[in-house]
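By convention in this document, chain letters (A, B, ...) are assigned in the order of the sequence lines, proteins followed by strands, and residues within each chain are numbered from 1. Only heavy atoms go into these numbers, but all of them, side chains included; no hydrogens, no water, no symmetry mates. In this text the structure is predicted, and so the values were computed from the model without any measurement.
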Amino acid sequence: MSLVDESFELKELQVLEGHADRVWSVAWKPATGFDGVPAVLASCSGDKTVRVWEQSPSSGSFQCKAVLEETHTRTVRSCAWSPSGKLLATASFDATTAVWEHVGDDYECVSTLEGHENEVKSISWNASGSLLATCGRDKSVWIWEVLPGNEFECVSVLQGHTQDVKMVQWHPNMDILFSCSYDNTIKVWAEDGDDDWHCVQTLAEANNGHTSTVWALSFNATGDKMATCSDDLTLKIWGSDLLTIQSGNGSAPWKHICTLSGYHDRTIFSVHWSREGIIASGAADDAIRLFAEDGDGLVDEPKYHLLLKKDKAHDMDVNSVQWSSAGNRLLASASDDGTIKIWELISLAGDQKPPL
Amino acid sequence: MAASSEPNSREDIFDSSLNLEETHLKEGYNEGYADDLVSGEEEGRQVGLKTGFEVGEELGFYRGCIDVWNSAIRVDSNCFSSRVVRSIKQMEELLNKYPISNPEDESVSDVMDSLRLKFRAICATLNVKLEYNGYPKSSDGGNIQF
């Protein structure tokens with residue numbers, strides 16, 4: 001399916017209301033949204049709660065199925081499902097990370113990870129669900145091992161960033177960890193055997209990197225490309241040699257491939273690469289933008305173009321955009337306006353290009 | 001300025017009044033230097049005492065924690081996971097490596113940083129909050145919330 005010649009529309013399906021403060025992040029539950037399994041989405045907010053929404057098979061609309069409250073004492077900044085969908089981890093400004101398990105009709109907090117000195121900003125599970133990474137304003141990145149019985153053991157505390165770390169993300173196939181920060185860099189962390197984690201690469205301004213806070217990063221489906229977004233108003237695409245990554249022989253270095261500039265005029269807070277190759281961005285100008293790779297770019301020098309821009313997607317800053325991994329072209333967005341919106345990417349018939 | 005065949009004594013008299021500013025400058029400098037040598041040494045001694053105390057307190061604290069953990073391991077070798085046991089051992093090696101008699105050794109801050117990280121990781125896994133009044137925190141103050 002070529003995305004190049006098609007034209008698209010981002011259709012607003014539903015507005016999810018309920019949170020009493022800004023919504024920071026959303027996460028689709030893995031293995032839901034297809035084959036008769038209703039899609040499930042978690043959202044977290046400045047109102048200190050996490051909400052779980054489920055799509056009704058009959059009406060198709062999302063309803064709030066659970067509110068995870070009375071655990072975090074401050075804003076919940078980020079949430080992430082384990083790859084199996086059995087656990088939900090939530091990161092909070094109260095310096096803890098809570099791990100929840102679905103028990104019957106409700107969610108129970110089965111573990112609390114402490115260690116960060118202050119606000120935890122992001123969490124990420126590795127592909128196998130055996131490791132959990134967290135990061136925060138104390139400039140450190142923590143790696144935890146998941147043990148039987150919902151026990152967690154701290155594997156390593158990584159220092160290296162010189163400022164607030166905004167996001168951590170594991171590589172989709174390998175146990176390599178990526179972090180991005182207010183110090184304008186992206187760091188790559190790998191293990192040198194036996195719990196010995198260290199920074200193997202730093203993507204800074206000198207490497208064609210960002211010139212201001214890097215807010216988020218996202219991998220493409222194959223894991224050989226990464227998109228990063230920043231306060232410097234650009235999206236950058238980075239690439240690495242897939243075979244070298246997989247051989248595990250030392251780390252394959254990441255190189256800058258291209259910079260998408262001139263498309264955003266306010267800070268870009270979130271970027272997410274869909275399995276089909278569409279990059280979504282959420283920005284401080286309340287808009288959502290979609291980008292796709294040009295069909296006629298060279299293999300070594302791919303180019304990207306703006307697929308569409310959704311102005312006023314929300315009434316305020318868009319904090320997070322997330323594609324569902326179920327292949328249903330659903331996109332969820334979270335905003336300072338306290339709502340979550342569910343969108344569907346619809347391809348328009350014929351050669352009519354919608355006005356940008 | 002003519003200085004050819006004047007008698008020496010006359011040159012000296014004029015020289016000293018001509019160089020008055022430079023002389024006074026030198027005198028003042030020497031006085032200040034001597035004064036500060038004394039007060040600077042005293043201030044240095046105070047800083048040294050303070051830093052030395054703080055470093056000693058922190059290292060002693062780690063020594064105490066490690067001793068207690070090692071005792072627990074001796075009583076019951078399975079009380080901690082193998083990872084924790086390994087971390088405690090690594091922390092002990094770092095502690096022994098700290099150049100306590102040589103404060104000008106460049107590795108002091110690196111070893112101390114590594115010690116602090118290892119300690120935080122062990123405490124997080126054991127789910128204990130161990131600290132003392134005056135334990136250094138690396139975070140800055142402020143309340144940024146993004």
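Within 6.0 Å of atom CD in B:Glu42, more than 12 heavy atoms from other residues, nucleotides or ligands are found, so the atom counts as buried in its surroundings. Environment of OH in B:Tyr98: crowded, with over 12 heavy atoms of neighbouring residues, nucleotides or ligands closer than 6.0 Å. Surrounding CD of B:Glu43 are at most 12 heavy atoms belonging to other residues, nucleotides or ligands under 6.0 Å away. Within a 6.0 Å sphere centred on OH of B:Tyr33, other residues, nucleotides and ligands contribute 12 heavy atoms or fewer. For A:Glu70, the CD atom sits in a loose shell: 12 or fewer heavy atoms of surrounding residues, nucleotides or ligands are nearer than 6.0 Å. Within 6.0 Å of atom OH in B:Tyr135, more than 12 heavy atoms from other residues, nucleotides or ligands are found, so the atom counts as buried in its surroundings.
Looking at every heavy atom in both residues, A:Glu114 comes nearest to B:Ala124 through O-CB, 3.4 Å. Residues A:His116 and B:Arg120 share a closest heavy-atom pair of CA-NH2, 4.2 Å. A pairwise comparison of heavy atoms in B:Ala121 and A:Val157 identifies CB-CG2, 3.8 Å as the closest pair.
Going from atom CZ of B:Arg83 over to atom CG of A:Leu147 covers 7.0 Å, rounded to the nearest 0.5 Å. From B:Ser114, atom OG reaches atom CD of A:Gln159 across 10.0 Å, with rounding to the nearest 0.5 Å. Here the straight-line distance linking atom CG of B:Asn127 with atom CZ of A:Phe152 works out to 12.0 Å at 0.5 Å rounding.
For chain B, no part of A:Ser156 is nearby; none of its heavy atoms comes within less than 4.5 Å.
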